[in-house]
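Working notes for the structure below.
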Amino acid sequence: MPKVAKTKSGGRKKKDENAPKRCLSAYMFFSQEYRGKVKKENPAATFGELGKILGEMWKSMTDEQKKPFNLKAEKDKKRYETEKANYQATAA
DNA sequence: CTGCTGATTGTTGTG
DNA sequence: CACAACAATCAGCAG
């Protein structure tokens with residue numbers, strides 16, 4: 001059962017006052033690194049292809065390949081945790 | 001207590 | 001200027 005692929009164009013939920021954004025996903029770091037690489041191998045590939053290709057290879061990646069990205073994701077999570085703590089501390 | 005959904009993050013190219 | 005697939009992630013809310 002699909003979780004309804006709704007984009008940011010959907011109904012927004014109420015945002016927090018401090019709004020601790022969110023932690024980047026491993027995919028985000030993955031794109032940052034492969035963004036130029038995939039573009040290099042796919043100069044004619046625009047976002048459409050790039051996005052699909054990237055996602056394809058991403059899943060193709062093993063946990064070892066995602067490791068560096070996961071590490072970054074973990075670190076970013078801590079980053080988010082900090083703003084979250086600050087958000088809760090101030091919001092409290 | 002448990003789960004679900006909404007919101008967010010980053011990429012680039014195009015209407 | 002905002003959004004389009006791609007994946008992940010998490011927090012808050014509702015039953």
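One interatomic measurement links the two molecules: CZ of Arg22(A) to P of dA8(C), which rounds to 15 Å at whole-angstrom precision. One interatomic measurement links the two molecules: OH of Tyr27(A) to P of dG10(B), which rounds to 15 Å at whole-angstrom precision. As a whole-Å value, the separation of Gln88(A) CD from dA11(C) C1' is 9 Å. Rounded to whole Å, the distance from CG on Leu24(A) to P on dG10(B) is 5 Å. Computed from coordinates, the Phe30(A) CZ to dA5(C) C1' distance equals 14 Å when rounded to whole Å.
In this structure, Lys77(A) is not positioned above the aromatic face of Tyr80(A) in the sense of NZ or CZ being under 6.0 Å from the six-membered ring centre and within 45° of the axis.
Between dT8(B), dG12(C), dC10(C), one nucleotide has an atom nearer to the side chain of Lys21(A) than all others, and that is dT8(B). Nearest nucleotide to the Met28(A) side chain, out of dG10(B), dA8(C), dG6(B): dG10(B).
Separation of the Phe69(A) and Phe30(A) ring centroids falls under the 6.0 Å cut-off.
In this structure, CD in Glu83(A) is found 7.5 Å from CZ in Arg79(A), a value given to the nearest 0.5 Å.
Of the residues in residues 35-53 of chain A, those lying under 4.0 Å from DNA chain C by heavy-atom distance are Phe47(A), Gly51(A), Lys52(A). For residues 60-80 of chain A, proximity to DNA chain C is found at Lys77(A), Tyr80(A), defined as any non-hydrogen atom under 4.0 angstrom from a strand atom.
Under the 4.5 Å side-chain heavy-atom criterion for Ile, Leu, Val, Met, Phe, Trp and Tyr, Met61(A) and Leu50(A) are members of the same hydrophobic cluster.
Inter-residue side-chain proximity for Lys52(A) and Glu49(A) is flagged as unmet; no heavy-atom pair is nearer than 4.5 Å.
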Applying ring-ring contact (aromatic ring centres under 6.0 Å, His included), run through Tyr34(A) and Trp58(A) and close with a yes or a no.
CA-CA 10 Å; Tyr34(A) 275 59; Trp58(A) 169 251; 8.6 Å; no

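Listed by chain and residue number, nothing satisfies the side-chain contact (heavy atoms from CB on, under 4.5 Å) test with Glu56(A) (two or more places apart in sequence, or in another chain).
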